[in-house]
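Just so it is clear: chains get the letters A, B, ... in the order the sequence lines come, proteins before strands, and each one is counted from 1.
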4 protein chains.
Amino acid sequence: MAALRSDAARSRANILDVARTHDRATLRLNDVAREAGVGVGTVYRHFPTVHALIEALSADALDAMLETSRRAAAEPDPGDGLALYLGSALRLQLEDGGLQAVLLSPEDEADSVRNVKREIFESFTTVLEAARAAGAVRADLTVDRLSHLVCGIEHAVRLGTPEDLPLLLQVMLDGLKPRP
Amino acid sequence: MAALRSDAARSRANILDVARTHDRATLRLNDVAREAGVGVGTVYRHFPTVHALIEALSADALDAMLETSRRAAAEPDPGDGLALYLGSALRLQLEDGGLQAVLLSPEDEADSVRNVKREIFESFTTVLEAARAAGAVRADLTVDRLSHLVCGIEHAVRLGTPEDLPLLLQVMLDGLKPRP
Amino acid sequence: MAALRSDAARSRANILDVARTHDRATLRLNDVAREAGVGVGTVYRHFPTVHALIEALSADALDAMLETSRRAAAEPDPGDGLALYLGSALRLQLEDGGLQAVLLSPEDEADSVRNVKREIFESFTTVLEAARAAGAVRADLTVDRLSHLVCGIEHAVRLGTPEDLPLLLQVMLDGLKPRP
Amino acid sequence: MAALRSDAARSRANILDVARTHDRATLRLNDVAREAGVGVGTVYRHFPTVHALIEALSADALDAMLETSRRAAAEPDPGDGLALYLGSALRLQLEDGGLQAVLLSPEDEADSVRNVKREIFESFTTVLEAARAAGAVRADLTVDRLSHLVCGIEHAVRLGTPEDLPLLLQVMLDGLKPRP
DNA sequence: CATGAATGAGGATTCATTCAT
DNA sequence: GATGAATGAATCCTCATTCAT
């Protein structure tokens, strides 16, 4: 990310602020531009695709996820580490309506995003393997399956109310434990 | 479903056959009409809205779900009944890409759909209450929350492969059990 | 008009009754058919074009206009005769939203309509010529111009409220008198 | 009317030129676009609705009407003032097929149109009140009724030929005078 | 670099009329 | 004769993206 001229930086921040007030699934670049007081061209300059804009909007959440995944990997108790990671991931995805799309996308616009995603998955792998080794989770789980499961629970919560989160998270965590 | 003239019935079946080959989320009535070899107006006559067409496509799956819910309610073992219903619901929703939308829609085009949905939810309520009374599931589950959870698991399976179904279903079922 | 089978006569009357409740300018033959409980084809059989239906709807008004034109031609005072005809024509056109179209149309669907229109214009000509001969109206008026003027006043009343009728009629009648 | 970029101004003028050759009552924005050699979107950008385009087409006529209404209000003889205004209004409405619609529309797209219409009606009110005070017209006339009457006479002239204008205008003016 | 006008394919929907049943 | 299903041109309008200014 090269240094930006101050006006360009202001435009960029402006665009992001406006975009944050929109539903990620129905982002209109023209609307964002108008509301941000810039031309459409400017939005396209900063964000060549809608996905690039969504990535930028999720940057903070992605960083938080990385931080969490590292803390989870450092947890002494592997089971606690996994629960910490899954719970945080779920909460972050619910707070940031575009994060699921960024995480699942096979293609990333920004290199930084690709790198952070890779690091998150690495830490998550560490967490999961430790938990499995400790017998804290079923043996047939993979990082992909678990990621999808978190996305599924996110979907379930979105169909209801945020108050459903604790229950559905708990159901998932309980379900992951190995059967006696 | 009033009796249709034979030509109308043929058109209708034709349209449904073609529509079945399309992704429910991106159905274009114009495309369906062209591929079915009928005029757009014919599609609109049979299905005034896209949702009406999606409902019609899901009719069989909806009937199967009703049948299953009744069988589940008749199960001697309440826990088995619940597992039967949830597993079947999940499988049916995965087979029929529009069923989730039909089930979740607050508005129904066809009266028959509204009635079937109501009966399904009634049977499901019976099943869930029996399971709860028997101590086979957590007490804080509701029909809505469980329905959303099934939709969430459906979502998770779709993100991966159909082979993930048994695992994710088992995780859900295990997670629903009351904690000691 | 050949004798109609009783069911056909019933259909026809039915269609006319329903059509009368619609705005003439926005008649949908399909809507009329549905509301009348008959097929579109039946409406088309009775009334090959929308104009044919509008003519049929105006039949009574047209008869009344003929009757009035004859009474006007028989008036001893030519000025009174003209005023009678113009006032009645205006009122009838305001009561029957399709009458203006029928009167102005160069083509008539039904022979009876063509004949009645011709007779009306003949009587009107008699009335106007008598009034002109008596010096009760300007000399530069023609049957066509006066007919158009009535249509214009009809239009003016429709832009406001029916209560404007007496005033605007009076303005027209006063304006037609020869200037001293 | 904010300053337009030169290319935008060219498009706008182009669209207006083409639209002027069409009957206002049957304007198709797609046709205008094609004939003007621009995309549909361009027409919609300049004129979000058909009414907006019709307003723009009538801008000059509306200005002329405002100018006339002011001159009429400044006439020393109130009767002459009224005759001047009514005659000019009628002629302008006949020249501009969309002016009647603009004047009668309760909603205006452009603020400028709303303002000009308000000023016209204000001047007209002045003219009418002066004429009434001078005993030059009937006392039961209102600005609305007179406006409708002008529209009615416009309608009458359109049903015949432009040559009917002087006669019908004179009939109207004579009819407005108070009866002795 | 920023701007925002222009593009135009794309998709939804209606309705007068025909014609198979 | 009656029916109403089918037609499909016609119209409306949107929006992601490009490119002249």
Side-chain angles (χ1 to χ4, degrees), chain A residues 4-5 7-8 10-12 15 26-34 36-50 53, chain B residues 2 4-12 14-15 26-34 36-50, chain C residues 4-12 15 26-34 36-50 53, chain D residues 2 4-12 14-15 26-34 36-50:
Chain A
L4 289 172
R5 271 172 32 186
D7 58 340
R10 226 178 309 122
S11 283
R12 192 174 189 285
I15 292 166
T26 59
L27 262 188
R28 296 294 129 88
L29 257 37
N30 281 287
D31 292 353
V32 172
R34 187 170 28 73
V38 302
V40 227
T42 305
V43 177
Y44 273 88
R45 167 162 303 276
H46 286 293
F47 309 102
T49 68
V50 175
L53 174 54
Chain B
L4 285 176
R5 259 167 46 176
S6 65
D7 56 343
R10 225 179 309 124
S11 284
R12 201 188 130 90
N14 217 208
I15 291 166
T26 58
L27 264 188
R28 311 291 139 169
L29 295 199
N30 280 312
D31 292 352
V32 171
R34 188 169 27 74
V38 301
V40 228
T42 304
V43 177
Y44 275 88
R45 160 175 288 270
H46 286 288
F47 310 103
T49 68
V50 175
Chain C
L4 288 173
R5 270 172 33 187
S6 68
D7 58 340
R10 226 177 310 120
S11 282
R12 192 173 189 282
I15 291 166
T26 59
L27 264 188
R28 297 295 129 86
L29 256 37
N30 282 287
D31 292 352
V32 172
R34 187 169 28 73
V38 302
V40 228
T42 305
V43 177
Y44 273 87
R45 165 163 304 276
H46 287 291
F47 308 102
T49 67
V50 175
L53 175 54
Chain D
L4 285 176
R5 258 168 47 176
S6 66
D7 57 343
R10 225 179 308 124
S11 284
R12 200 188 132 91
N14 217 209
I15 291 167
T26 58
L27 265 187
R28 312 290 140 171
L29 294 200
N30 280 323
D31 292 352
V32 171
R34 187 169 26 73
V38 301
V40 229
T42 305
V43 177
Y44 275 89
R45 159 176 289 269
H46 286 289
F47 308 104
T49 67
V50 175

Check this one for me: any side-chain N or O of T42(B) less than 4.0 Å away from OP1 or OP2 of dA5(F)?
no

On a heavy-atom basis, the closest approach of H46(C) and S11(C) is NE2-CB, 3.9 Å

N14(B) atom CG is separated from dA5(F) atom P, nearest whole Å, by 17 Å

If I take atom CZ in residue R34(D) and atom P in nucleotide dA6(E), what distance separates them, rounded to the nearest angstrom?
19 Å

Of P48(A) and V43(B), whose nearest nucleotide on DNA chain F comes first from the 5' end?
V43(B)

Locate the shortest heavy-atom distance separating A33(C) from V43(C); write the atom from each residue and the value.
CB-CG2, 3.6 Å

For L29(D) and F47(D) the tightest heavy-atom approach is CD1-O, 4.1 Å

5' priority, DNA chain F, between N30(D) and Y44(A) [closest heavy atom]:
N30(D)

Is any side-chain nitrogen or oxygen of S11(B) closer than 4.0 Å to OP1 or OP2 of dA6(F)?
yes

Nearest whole Å is fine: how far is dT7(F) P from R45(B) CZ?
11 Å

On DNA chain E, check which nucleotide each of T49(B) and G39(D) is closest to and give me the residue with the more 5' one.
G39(D)

Taking the side chain of A8(A) as its heavy atoms from C-beta onward, which of dA5(F), dT21(E), dA2(E) lies nearest to it?
dA2(E)

Separation of F47(B) atom CZ from dA12(E) atom P, in whole Å?
15 Å

Would you say dA16(E) has OP1 or OP2 under 4.0 Å from some side-chain N or O of R28(C)?
yes

Reckon H46(D) has a side-chain N or O less than 4.0 Å from the OP1 or OP2 of dA6(E)?
yes

If each of L29(B) and G41(A) is mapped to the nucleotide of DNA chain E with the nearest heavy atom, which maps nearer the 5' terminus, i.e. the 5' end?
G41(A)

Can you tell me which stems DNA chain E forms, taking runs of 3 or more consecutive Watson-Crick or G-U pairs with both distances under 3.5 Å?
E:2-21 with F:2-21

Separation of L53(C) atom CG from dT17(E) atom C1', in whole Å?
15 Å

Over all strands shown, is V38(D) touching base, sugar-phosphate only, or nothing at heavy-atom distances under 4.0 angstrom?
sugar-phosphate

Pairing of D31(C) and R34(C) as salt bridge, 4.0 angstrom limit:
yes

